[in-house]
Amino acid sequence: MAEVDYASKTETVLVHKNDRVITVELNRPQSMNALDVEMLKELSHVLRDIATDETVDIVILKGSGKAFSSGGDIKMMLQMDEEKEFFTVMEYISDLAVSLYCMPKLTICEIHGAAAGLGLSLALATDYMIADRNSKIAMNFIGIGLIPDGGGHFFLSKRIGDVKAKELIWEGKVLSADEAKELDLIHGVTDDLAEAVGTKTKEWLQSPIQAMIRTKKILAERNRPELLKMLELEKHGQLKMRKTEDHKEGVKAFLEKRKPNFQGK
């Protein structure tokens, strides 16, 4: 297939191509790259195009401004009144998780600032995660009475096992980069993110990369049914959680910048 033209992509997702390497940059810096409907939709389209671009071997996912991604956009959550709209958003989220995890390229996530909630789920879908030493990493859906989506359960289980995954999800603890590395949640911690990503990219480009990609495809295809099942369970589970009093209280407390008073309802 011919090389894909990325020139017409939206401003919410920037694409930079350099020979066999593409950098995909989340670009809503004013909201710490919170993932709204528009960004989810455009990112999904960009990743689908990249997957078919045979001139690309490596994809780098990063965020503009002060953070990688603070997670799902709270305003978007509040505006989703109808189930149809909710399911549309969840389909975009599921598509992103599958596209990243099964991408026939090697993928790197470059983390700085915050990687939280849905932002962390997407980061976990990549092959290799490198974080700035001052970054903060959290699977913090529990803070607003929700469960992880975007394949968060699947990716955490694969990386750190069910027991540690449940602990991380239930506590919603904010981890330092070093803590995340110690937990084997991420691969590397650095004081110079650009240099570290550049070094890893160069290392891969000088490797038999097609053999590496083939291994990835074999493992991804084996695990794909499990990921799809998990995404389906997350979608329906999230719908139920959105109807709970604890979720309403969590969102209200977040907006009012106070500690939530959960009642288990």
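Residues take their numbers from the sequence shown, with the count starting at 1.
Here Ile60 contributes atom CD1 and Glu25 contributes atom CD; the two are 11.0 Å apart, rounded to the nearest 0.5 Å. To the nearest 0.5 Å, the span separating CE on Met129 from CD on Glu110 amounts to 12.5 Å. Rounded to the nearest 0.5 Å, atoms CG (Asn134) and OG (Ser176) are 10.0 Å apart. The distance from the OG1 atom of Thr107 to the CG atom of Leu61 is 8.5 Å, given to the nearest 0.5 Å. Expressed to the nearest 0.5 Å, how far CG of Leu156 lies from OG of Ser121 amounts to 7.0 Å. A distance of 5.0 Å separates CG in Leu239 from CZ in Phe87, rounded to the nearest 0.5 Å.
Closest of all the heavy-atom pairs between Ala123 and Ile111 is CB-CD1, 4.3 Å. In terms of heavy atoms, Ile137 sits closest to Ala180 at CD1-CB, 3.8 Å. Closest non-hydrogen pair, Gly150 versus Leu118, comes out as CA-CD1, 4.0 Å. Between Leu120 and Ala115, the shortest heavy-atom distance links the atoms CB-O, 3.7 Å. Between Asn27 and Ser64, the closest heavy-atom pair is OD1-OG, 3.0 Å. The two atoms that bring Gly117 and Met139 nearest to each other are O-SD, 3.9 Å, heavy atoms only.
A 6.0 Å sphere centred on NZ of Lys235 holds more than 12 heavy atoms belonging to other residues, nucleotides or ligands. Annotation: Lys158, atom NZ; neighbour count of heavy atoms from other residues, nucleotides and ligands within 6.0 Å is above 12. For Glu195, the CD atom counts as loosely surrounded, since its 6.0 Å shell holds 12 or fewer non-hydrogen atoms of other residues, nucleotides or ligands. Around NZ of Lys105, the count of heavy atoms belonging to other residues, nucleotides or ligands within 6.0 Å exceeds 12. Counting non-hydrogen atoms of other residues, nucleotides and ligands closer than 6.0 Å to CZ of Arg133 gives a total above 12.
Between the side chain of Glu234 and the main chain of Gly151, a donor-acceptor pair closer than 3.5 Å is present. A side-chain donor-acceptor contact under 3.5 Å links Asp246 to the backbone of Gly264. Within the 3.5 Å criterion, the main-chain N or O of Met241 finds a donor-acceptor partner in the side chain of Thr244. Under the 3.5 Å distance criterion, the side-chain polar atoms of Glu249 are matched with a main-chain donor or acceptor of Asn261.
Hydrophobic clustering keeps Leu193 apart from Ile22 (ILVMFWY residues linked when any side-chain heavy atoms are closer than 4.5 Å, directly or through intermediates). Val37 and Met90 fall within the same hydrophobic cluster, defined by Ile, Leu, Val, Met, Phe, Trp and Tyr side-chain heavy atoms under 4.5 Å apart, directly or through other members. Val163 and Ile160 sit in two unconnected hydrophobic clusters of ILVMFWY residues. Membership requires side-chain heavy atoms under 4.5 Å apart, directly or through other members. Residue Leu40 is grouped with residue Val24 when hydrophobic side chains (ILVMFWY) are merged at heavy-atom distances under 4.5 angstrom, including chains of intermediate members. Tyr101 and Ile218 fall into different hydrophobic clusters, where Ile, Leu, Val, Met, Phe, Trp and Tyr residues are linked whenever their side-chain heavy atoms come under 4.5 Å apart, directly or through other members.
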**Q.** Pair Lys216-Met103, side-chain contact (heavy atoms from CB on, under 4.5 Å): steps then yes or no
**A.** CA-CA 9 Å; Lys216 172 180 177 174; Met103 175 83 65; 3.9 Å; yes
Q: Evaluate the criterion side-chain contact (heavy atoms from CB on, under 4.5 Å) for residue pair Phe141 and Gln238; output intermediate values, then yes/no.
A: CA-CA 10 Å; Phe141 289 87; Gln238 201 71 293; 4.1 Å; yes
Q) Would Thr23 and Leu14 satisfy side-chain contact (heavy atoms from CB on, under 4.5 Å), going step by step from the backbone distance to the final call? A) CA-CA 8 Å; Thr23 300; Leu14 306 180; over 6 Å; no
Q: Begin from the C-alpha positions of Ile213 and Lys217 and carry the test side-chain contact (heavy atoms from CB on, under 4.5 Å) through to its verdict.
A: CA-CA 6 Å; Ile213 291 172; Lys217 290 172 71 174; 4.0 Å; yes
(Q) Under the criterion salt bridge (charged side-chain N to carboxylate O under 4.0 Å, His left out), I'd like the reasoning laid out for Lys200 against Glu203: C-alpha separation, chi angles, the key distance, then a yes or no. (A) CA-CA 5 Å; Lys200 175 53 67 173; Glu203 174 191 323; 3.3 Å; yes
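Applying the side chain to side chain contact (heavy atoms under 4.5 Å, CB included) test to Lys265 and every residue at least two apart in sequence or in another chain returns Glu245, Gln263.
Leu122 pairs in a side chain to side chain contact (heavy atoms under 4.5 Å, CB included) with only one of the listed residues (Ile93, Leu26, Leu96), which is Leu96. In summary, of the residues considered (Thr201, Val21, Ile209), a side chain to side chain contact (heavy atoms under 4.5 Å, CB included) with Asp57 occurs for Ile209 alone. A side chain to side chain donor-acceptor pair (under 3.5 Å) with Arg28 is found for exactly one of Asn33, Asp73, Thr12, namely Asp73.
Between Lys17 and Asp53 there is a side-chain heavy-atom pair separated by less than 4.5 Å. Side-chain contact between Lys248 and Lys252: absent, with no pair of heavy atoms (C-beta onward) separated by less than 4.5 Å. Leu227 has its side chain within reach of Phe155: a pair of non-hydrogen atoms, C-beta onward, lies under 4.5 Å apart. Proximity of His187 to Ile130: side-chain heavy atoms (C-beta onward) are nowhere separated by under 4.5 Å. No side-chain heavy atom of Ser135 sits under 4.5 Å from any side-chain heavy atom of Phe68. His153 has its side chain out of reach of Leu233: every pair of non-hydrogen atoms, C-beta onward, lies at least 4.5 Å apart. At a threshold of 4.5 Å between non-hydrogen side-chain atoms, the residues Thr215 and Met212 do not count as touching. Within the 4.5 Å cutoff, the side chain of Tyr92 has no heavy atoms near those of the Glu42 side chain.
Neither side chain, Thr190 nor Asp192, offers a donor N or O lying under 3.5 Å from an acceptor on the other.
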